[in-house]
Amino acid sequence: MRMAKASTAATLLAFALAACLHGTASPAWGIVVSDDPSLHVVTAPSAYDGVAYLSSVSGASAVLVDPWYVLTAKHAVFGWTGHTATFHLESGPVVFSLAEVFTYPTADVAVVRLNRNTGLDGYSLYDPSVYGTESGKVGVVVGYGMSGTPATVQAGGDPNYPRGTLRVGYNRIDSIDPNYGTSGQCLQMDFDSPSSGGPNGSLGADKEVMVAYGDSGGPVFINAGGSLRVAGIHSTLACYDPNHWPKYGDYSFHVRASAYAGWIDSVIADIPAPLTGDFNNDSSVNATDIDALFAHYGSADLWYDVSGDSIIGWADSNDLIRTMLGTEYGDANLDLRVDIDDYNLLAANFGLTGGWAKGDFNGDKKVN
């Protein structure tokens with residue numbers, strides 16, 4: 001599995017910045033609204049069915065950007081192994097395992113590959129070169145968790161809106177911060193009271209919202225070109241009192257998706273690996289991919305299901321080696337011949353631990 005490593009200091013700073021939004025020491029909370037919380041509950045089917053609840057850490061959110069991948073905050077996937085992403089669809093909740101995580105080294109953003117195809121298209125990223133700068137536009141803010149209003153809720157949230165409730169609201173993108181600490185380049189939003197006026201004031205009591213505990217990794221959409229497009233990922237909240245809900249005057253930061261679009265595209269395979277055999281997405285099918293397939297025998301990760309039978313095993317390696325690579329077991333150097341060169345590689349590594357390129361042709365990590 002691939003996961004970029006940050007320095008200890010940077011990791012601690014990331015946790016500190018995220019504490020207000022993610023709630024490392026408090027119950028996971030959700031979007032705080034100006035008026036009636038019931039106006040902001042999302043029920044499937046809706047335009048937001050591609051927003052998932054993450055069980056990692058203490059609970060977070062993510063947004064689908066490809067049938068296999070979700071985009072989220074980096075701090076939302078620390079300790080991600082064994083956790084899940086749940087999409088609440090018209091047919092009911094559908095749960096996926098987090099199979100592989102990619103993190104950007106200097107910003108609070110991560111891409112997570114799920115263990116199987118969701119069957120959903122996912123959302124495109126917002127492109128300011130096509131639709132204009134995000135600053136000044138109205139963002140659609142989506143996330144999971146409990147909720148309430150700043151005037152009525154107590155710590156723990158409104159019991160009428162428990163965790164797992166998808167919430168939606170609106171807020172104006174007031175500015176773009178070129179480098180907000182470990183969050184990276186961000187969109188900034190202010191929580192304006194309904195009484196505030198002017199072009200930068202509240203969008204109205206029935207619309208204005210602010211993210212809070214538990215919304216980390218959720219999306220800020222901008223409706224452009226007739227579609228919802230991911231403009232930001234919830235990262236942190238500048239709250240004056242981290243033990244309470246956001247209040248009017250607080251502001252939030254959301255990683256600017258367009259600033260990291262090139263990196264996001266680079267870690268998402270254009271064609272799913274089961275169709276290509278390129279399991280590590282390095283544009284080459286080689287011994288590393290054979291070893292990866294052997295290592296996933298018996299797993300539930302359909303990224304390695306070359307044969308399409310939903311079982312990871314010999315049928316998949318047979319298809320990969322014999323059909324995709326056009327060779328045979330024993331071809332250690334993958335030159336499409338099993339000959340003296342392969343024998344010499346095996347002999348040189350006999351009795352050692354190794355992979356396909358050293359003569360381990362059955363995936364037991366032994367050359368024998």
Salt-bridge criterion met for R172 and D190 (N-O under 4.0 Å):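 Between D190 and R172 there is no salt bridge, as every charged N stays at least 4.0 Å from the carboxylate O atoms.
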
Presence of salt bridge, D364 and K366, under 4.0 angstrom: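 So K366 does not pair with D364 through a salt bridge.
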
Starting from the C-alpha separation in whole Å, work towards a yes-or-no answer on side chain to side chain donor-acceptor pair (under 3.5 Å) for Y297 and S317. CA-CA 9 Å; Y297 270 20; S317 56; 2.6 Å; yes

Is it the case that over 12 heavy atoms from other parts of the model lie below 6.0 angstrom from the [atom1] atom of [X]?
| X | atom1 | answer |
| --- | --- | --- |
| K358 | NZ | no |
| I271 | CD1 | no |
| D121 | CG | no |

With R167 as the cation and Y144 as the aromatic partner, state whether NZ or CZ is under 6.0 Å from the six-membered ring centre and within 45° of the axis. no

Once you measure the plane-to-plane angle for F102 and Y69, does it fall in the parallel (<30°), tilted (30-60°) or perpendicular (>60°) bin? tilted

Using distance alone, with no hydrogens and no angle criterion, decide if D108 and S235 have a side-chain donor and acceptor under 3.5 Å apart. yes

So, [X] versus [Y], ring centres under 6.0 angstrom or not?
| X | Y | answer |
| --- | --- | --- |
| Y251 | F253 | yes |
| F279 | W303 | no |
| Y329 | W314 | yes |

Got a donor-acceptor contact below 3.5 angstrom from the N368 side chain to the G351 backbone? no

Run through the side-chain heavy atoms of Ile, Leu, Val, Met, Phe, Trp and Tyr, join any pair under 4.5 Å, and report what else lands in V95's cluster. none

Which residue is it: Y131, Y123, Y126? I am looking for the one with a side-chain hydrogen bond (donor to acceptor under 3.5 Å, both in side chains) to R229.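 For R229, the side-chain hydrogen bond (donor to acceptor under 3.5 Å, both in side chains) test succeeds with only one of Y131, Y123, Y126, which is Y131.
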
